[in-house]
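As structure tokens, the structure follows; a few thoughts come after it.
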Amino acid sequence: MQQSRTSYRTQQFPESIIREMTRVALEVGAINLSQGYPDFPVAEPIKQAAMRAIAEEWNQYSVTWGLKPLREAIAQHYRHRYEMDVDADRNVVVCCGATEAMIAAMLGVVNPGDEVILFEPFYESYIPNCHITQSTPRFVSLRPPVNGAANGLAAPHEWWFDPEELRRAFTPRTKAIILNTPHNPTGKVFNRAELELIAELCQAHDVIAITDEIYEFITYDGARHIPLATLPGMAERTITISGMSKTFSVTGWRLGYAVAAEDLMVGVRKAHDFISVCAATPLQVAAIAMLNIGDAYFVQLQHDYHRRRALALDMLREVGFQPFVPQGAYYIMADFSAISAEDDLRFGMRMAKEIGVACVPGSPFFSRPEQARTIVRFAFCKKDETLLQARERLQRLR
Ligand SMILES: Cc1ncc(COP(=O)(O)O)c(C=O)c1O
């Protein structure tokens with residue numbers, strides 16, 4: 001038998017199922033509620049800023065860390081919103097999306113053979129990142145809010161984890177924990193008590209936290225996003241990652257950033273430099289306009305997402321899904337066992353091809369597919385009319 005010519009590392013993970021579902025949706029003309037990108041227009045001042053930057057010849061490589069005025073705007077954002085002490089020269093790097101920031105962070109601090117703790121379900125890209133860095137993921141389950149108060153930390157409506165399971169996940173080989181809050185796919189927003197426990201364990205075991213806070217501005221019902229780095233003792237051991245994709249609906253612009261203590265940042269910046277050199281320069285110029293857009297934008301963003309969440313929850317409940325209500329981000333995980341006995345992959349494919357609405361099967365978010373056999377995920381970052389059209393098509397399930 002001929003040996004594969006691809007690398008051992010890339011053989012260990014499949015292509016993204018989320019992006020595969022987008023390809024299927026395009027092929028069969030399904031409404032795409034699979035991949036998390038908005039279908040509504042970007043704010044006019046942001047588009048104008050990007051076009052102006054190109055016309056004004058901001059068209060060459062930027063400093064690898066990111067344009068200085070953008071790093072300053074990012075530092076100012078962290079000072080203003082979260083009272084974090086961030087220096088543009090020492091603590092910030094601009095990357096091609098949070099996706100690149102995450103792999104740069106892992107390459108920057110994780111060694112082969114290290115263990116990395118992940119909450120499960122998890123955002124798909126963390127597993128390939130573990131394979132690429134030759135580290136071993138250790139999973140801690142997030143449990144649905146049926147017995148919500150069970151861990152003594154979460155409210156009854158919140159997804160929760162068992163503190164003992166988290167304690168056990170920390171071993172002498174643990175180098176890092178990845179914390180995604182607000183969380184994709186569950187919509188969990190980690191509360192202060194949970195973050196305090198994570199912080200305590202990180203400090204007790206000398207572990208670095210890498211946080212993915214890409215949905216920091218999309219929360220519901222008064223849930224408040226708290227960056228882990230703001231907890232006592234955590235600023236020096238946290239790499240905080242966020243970006244423009246979700247907050248400003250520019251997922252195709254590939255703009256993200258990481259913020260960390262200088263000694264950690266050295267590793268992240270080196271990895272970033274040799275992965276991508278820099279993020280697109282004219283779009284970095286436009287990103288300054290994003291961060292200076294004014295508070296009204298963020299208030300409107302929350303308002304719009306509350307409405308979209310309500311539309312999406314209604315349309316799913318109406319045809320028999322049991323949705324988990326998200327506290328943050330723009331996804332709904334839903335149990336479909338009352339509608340179909342198929343597994344998530346078959347059901348997801350039939351949804352796209354026969355019903356005309358694409359969603360993501362649950363299994364790519366779990367380490368063992370059997371944990372997600374009756375679960376799919378819907379993205380609701382869409383125009384009201386797109387959601388209403390999806391609602392109409394979902395009637396075909398009845
Ligand atoms: C949790 C999470 N992190 C990161 C990303 C990707 O962010 P970016 O577009 O900045 O690479 C996504 C996109 O869906 C996400 O859900």
Side-chain angles (χ1 to χ4, degrees), residues 16-22 25 32-39 42 46 66 70 74 77 92-106 116 118-130 132 137 142 159 177-190 209-219 225 227-228 239-259 268 271-272 275-276 278-280 283-284 286-287 290-291 305 326-333 358-360 362 364-366 377-382:
S16 158
I17 296 188
I18 300 179
R19 291 183 279 283
E20 164 71 11
M21 289 312 296
T22 285
N32 188 3
L33 305 188
S34 58
Q35 201 175 349
Y37 61 81
D39 68 347
V42 173
I46 295 173
L70 175 55
I74 293 166
H77 158 76
V92 183
V93 64
V94 177
C95 295
C96 299
T99 305
E100 196 225 336
M102 180 56 76
I103 188 63
M106 287 183 69
V116 175
L118 298 179
F119 287 98
E120 174 174 55
F122 43 75
Y123 176 55
E124 218 190 4
S125 73
Y126 305 150
I127 299 298
N129 289 350
C130 286
I132 290 168
L142 289 177
W159 285 71
I177 179 169
I178 296 180
L179 177 71
N180 169 213
T181 183
H183 184 259
N184 171 13
T186 65
K188 177 176 176 60
V189 179
F190 283 72
I210 309 178
T211 65
D212 180 342
E213 306 182 14
I214 190 86
Y215 298 102
E216 64 185 304
F217 286 106
I218 304 176
T219 56
H225 170 65
L228 184 63
I239 303 174
T240 303
I241 293 174
S242 191
M244 277 65 196
S245 284
K246 313 293 180 174
T247 307
F248 298 99
S249 304
V250 289
T251 58
W253 286 22
R254 316 307 304 124
L255 287 172
Y257 45 84
V259 164
V268 184
H272 156 72
I275 295 171
S276 69
C278 66
L283 304 184
Q284 289 190 53
M290 296 180 203
L291 291 174
Y305 272 111
Q327 300 168 276
Y330 51 46
Y331 305 97
I332 295 176
M333 273 177 92
C359 54
V360 181
F365 302 103
F366 289 87
R377 188 202 74 175
F378 293 88
F380 58 85
C381 44
K382 304 292 168 184

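Remember, it's 1-based here, ligands and their atoms both numbered in the order they're listed.
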Set out, in order, the CA-CA distance, both residues' side-chain angles and the distance that settles ring-ring contact (aromatic ring centres under 6.0 Å, His included) for F365 and Y123, then state yes or no. CA-CA 6 Å; F365 302 103; Y123 176 55; 7.9 Å; no

Are there any N/O pairs under 3.5 Å between ligand 1 and the protein, and if so, what are their distances?
unit_1, atom_1, unit_2, atom_2, d
ligand 1, 3 (N), D212, OD1, 3.4
ligand 1, 3 (N), D212, OD2, 2.6
ligand 1, 9 (O), S245, OG, 2.7
ligand 1, 9 (O), R254, NH1, 2.7
ligand 1, 10 (O), A98, N, 2.7
ligand 1, 10 (O), S245, OG, 3.3
ligand 1, 11 (O), A98, N, 3.2
ligand 1, 11 (O), T99, N, 2.9
ligand 1, 11 (O), T99, OG1, 2.5
ligand 1, 11 (O), R254, NH2, 2.7
ligand 1, 14 (O), Y215, OH, 3.3
ligand 1, 14 (O), K246, NZ, 2.8
ligand 1, 14 (O), Y331, OH, 3.4
ligand 1, 16 (O), N184, ND2, 2.7
ligand 1, 16 (O), Y215, OH, 2.7

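- You'll find the ring centres of Y215 and Y331 inside the 6.0 Å limit.
- Residues meeting the salt bridge (charged side-chain N to carboxylate O under 4.0 Å, His left out) test with E213, sequence neighbours left out: none.
- Interatomic distance, OG1 of T211 versus CD1 of I178, reported as 10.0 Å (0.5 Å rounding).
- Distance alone, capped at 3.5 Å, places no donor-acceptor pair between the K246 side chain and the F217 backbone.
- For F122 and F366, the ring centers are positioned 6.0 Å apart or more.
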